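Just so you know, these numbers come straight off a predicted model, no measurement behind them. Chain letters run A, B, ... following the sequence lines, proteins first and then strands; every chain starts at 1.
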Number of protein chains: 2
Amino acid sequence: MTVGTLKRQPLYVQVRQLLMQRIAGGEWQAHDALPSEWELADELGASQGTVRKALSELVEAGLLYRQQGRGTYVAAAPGDWGEARLLTPGLFMEQPDELAREFLGLSRFNASEDIAEALQLRRLAPLLRIRQLWRRHGAPVALDDALLPAEAFDGMDARWLRGSAGLYGTLQQRFGVRLQVVSEQFRAEMLPREEASLLGVTGMVADVPALCLLRLSADMDGRPLEWRQRYCLTHQLAYTVKHG
Amino acid sequence: MTVGTLKRQPLYVQVRQLLMQRIAGGEWQAHDALPSEWELADELGASQGTVRKALSELVEAGLLYRQQGRGTYVAAAPGDWGEARLLTPGLFMEQPDELAREFLGLSRFNASEDIAEALQLRRLAPLLRIRQLWRRHGAPVALDDALLPAEAFDGMDARWLRGSAGLYGTLQQRFGVRLQVVSEQFRAEMLPREEASLLGVTGMVADVPALCLLRLSADMDGRPLEWRQRYCLTHQLAYTVKHG
DNA sequence: GAGTGGTCTAGACCACCGA
DNA sequence: CGGTGGTCTAGACCACTCA
């Protein structure tokens with residue numbers, strides 16, 4: 001009841017929102033333990049069951065994880081590659097390889113009509129473009145462009161992105177923003193020339209098809225903040241997304 | 001407590017399993033109302049909260065849906081196309097078109113090594129192959145092959161598949177089987193010749209890239225029963241999957 | 001108004017963890 | 001052993017739907 005009653009939201013929703021804010025705000029570091037369900041219940045004036053319901057939803061959303069008998073912990077921000085995996089086509093149980101990230105550059109852009117609409121910006125709004133290359137066993141396999149509204153991330157520094165935190169880590173540490181995937185699209189396309197050269201596909205090789213991924217992500221209040229575009233070479237590889 | 005105590009599973013899991021079986025067994029038709037939470041609680045010797053938790057998980061899995069103030073209903077089997085959608089690349093909010101299904105044929109096959117492993121069958125185990133074509137505004141956009149273990153679906157009749165129920169409807173009505181996606185892979189490939197001709201891509205056109213989807217589905221006990229392979233023409237189109 | 005799902009509580013017991 | 005998450009109950013009240 002001490003939780004601010006903005007609308008007439010159920011109590012567990014208010015608790016969930018409050019905890020989301022406190023997590024995004026950096027009150028706890030990754031892998032820090034939250035107070036126990038009973039402590040939170042006391043503190044927030046709710047019952048343990050209600051707190052539990054809120055926590056469960058945050059666990060499901062990937063912000064927290066639980067260990068029976070130990071406690072509830074803050075999950076690390078997802079890596080820049082995301083929940084996806086690259087593996088051998090047809091093998092579903094295979095343990096996937098880790099991918100190496102290479103930061104290529106930070107530049108400025110103006111939003112095309114599509115992107116402006118998806119990010120709820122005006123036409124030609126300024127964007128930051130963060131370009132990254134992914135390697136598997138040293139060979140380039142994917143090229144990523146993340147497009148972010150420049151105004152929301154004023155002061156973004158390329159040096160942060162070069163570091164080990166990556167883009168998502170930087171957004172969380174420097175801007176207190178944690179993104180969640182809203183929608184994702186897949187498409188097969190011939191690899192465009194610019195992307196081909198960045199991926200090291202030379203003109204000698206015949207044109208290659210690429211898996212083209214578009215992803216829209218939003219912060220925890222639902223404001224769309226990232227348009228991610230990925231060209232992925234799936235020669236002898238397949239792209240998997242987590243399933244419920 | 002009247003629920004059969006096979007293992008030492010939590011009560012809500014037992015309730016969930018029991019209800020899953022009764023739904024798959026056809027005790028209720030699609031859009032039939034289940035007994036109320038209180039009636040189920042009485043009948044099964046559990047509390048309303050426990051029944052509610054079981055029902056919630058089945059709602060999340062898409063087997064049931066709820067309407068506040070009315071009741072809990074059995075959801076229709078998913079269409080053969082699945083939860084995916086085809087829409088214009090970059091437009092995330094677009095209302096997708098319905099696709100028309102065309103049954104192409106039922107044939108017999110022997111499992112390749114990959115497929116045998118994924119479906120937990122011996123090598124060269126007999127399979128049924130159900131081939132379907134999908135059209136959008138009359139134009140072919142995707143070709144589906146569903147591969148099922150022949151032994152599990154003995155007596156499958158092509159006439160059932162030609163009907164409006166489709167494959168998933170037939171599996172549910174005739175075999176009491178309801179499938180759930182286990183894992184999904186995406187890949188970009190040049191369209192192979194056979195698939196190209198079925199999709200009406202003539203030799204005059206240069207080679208086209210195709211989005212290639214592999215999907216493994218299992219029944220509600222987790223036994224893998226379907227290997228689905230889909231070639232999808234994504235010229236001016238993009239493939240979307242539901243997001244939590 | 002009766003019946004339904006949706007929320008919330010207080011209290012209980014269990015299984016698991018670590019000191 | 002005490003503290004944690006995980007389950008379960010009984011009872012309460014609310015919001016919604018439909019007759």
query = From C:dG5, C:dC8, D:dC8, pick the nucleotide closest to the side chain of B:Arg52?
reply = C:dG5
request  = Using only side-chain N and O atoms of A:Thr50, determine if any of them is under 4.0 Å from OP1 or OP2 of C:dT7.
outcome  = no
key: From C:dT9, D:dG6, D:dT9, nucleotide with atom closest to B:Leu11 side chain   = D:dT9
query = Of the nucleotides D:dT7, C:dT7, C:dA10, which has the atom closest to the A:Ser47 side chain?
reply = C:dA10
query = What integer distance in Å separates B:Arg16:CZ from D:dT7:C1'?
reply = 14 Å
inquiry  = So, OP1 or OP2 of C:dT7: does either fall under 4.0 Å of a side-chain N or O from A:Lys53?
reply    = yes
key: Distance, rounded to the nearest Å, where B:Glu37 contributes CD and D:dA10 contributes P   = 15 Å
request  = Starting from P on D:dG5, measure out to CG on A:Leu34 and report it in whole angstrom.
outcome  = 9 Å
query = Looking at the side chain of B:Ser36, which of C:dT4, C:dT7, D:dC8 is the nearest nucleotide?
reply = C:dT4
ask   = Which sits closer to the 5' end of DNA chain C, A:Gln67 or A:Tyr12, going by the nucleotide each is nearest to?
value = A:Tyr12
inquiry  = Distance check needed: C:dT7 C1' versus A:Glu57 CD, whole Å only.
reply    = 12 Å
Whole angstrom value for the distance that separates C1' of C:dC8 from CG of A:Leu55 = 16 Å
inquiry  = At less than 4.0 Å, is any side-chain N or O atom of B:Arg70 found next to OP1 or OP2 of D:dC16? Yes or no.
reply    = no
task = For A:Gln48 and D:dT9, give me the distance from atom CD to atom P, rounded to whole Å.
result = 16 Å
message = Rounded to whole Å, how long is the line connecting atom CD of A:Gln9 with atom P of D:dA15?
response = 14 Å
Approximate separation, where rounding is to 0.5 Å, of B:Gln120 CD and B:Ile115 CD1 = 14.5 Å
query = Taking CG from B:Asp42 and C1' from C:dG3, how many angstroms apart are they, rounded to a whole number?
reply = 15 Å
task = Over all heavy atoms of both residues, which pair between A:Met156 and A:Phe175 is shortest? Give the atoms and the distance, please.
result = CE-CE1, 3.9 Å
ask   = Does A:Thr72 place a side-chain N or O at less than 4.0 Å from the phosphate oxygens OP1/OP2 of D:dG5?
value = yes
query = Going by heavy atoms in the side chains, are A:Val74 and A:Tyr65 under 4.5 Å from each other?
reply = no
task = May I have the step-by-step check of side chain to side chain contact (heavy atoms under 4.5 Å, CB included) for A:Leu237 and A:Thr88, ending in yes or no?
result = CA-CA 5 Å; A:Leu237 283 177; A:Thr88 311; 5.5 Å; no
query = Taking the side chain of A:Glu39 as heavy atoms from C-beta outward, which of D:dG5, D:dC18, D:dT4 is closest to it?
reply = D:dT4
request  = Go through the steps for A:Glu43 and A:Glu39 under the test side chain to side chain contact (heavy atoms under 4.5 Å, CB included), then give the verdict.
outcome  = CA-CA 6 Å; A:Glu43 185 183 332; A:Glu39 283 172 355; 5.5 Å; no
message = Classify A:Gln68 by what it touches in the nucleic acid, base, sugar-phosphate, or nothing, heavy-atom distance under 4.0 Å.
response = base
task = Taking only the side-chain heavy atoms of B:Arg66 (C-beta and beyond), determine which of D:dC8, C:dG5, C:dC8 contains the nearest atom.
result = C:dG5
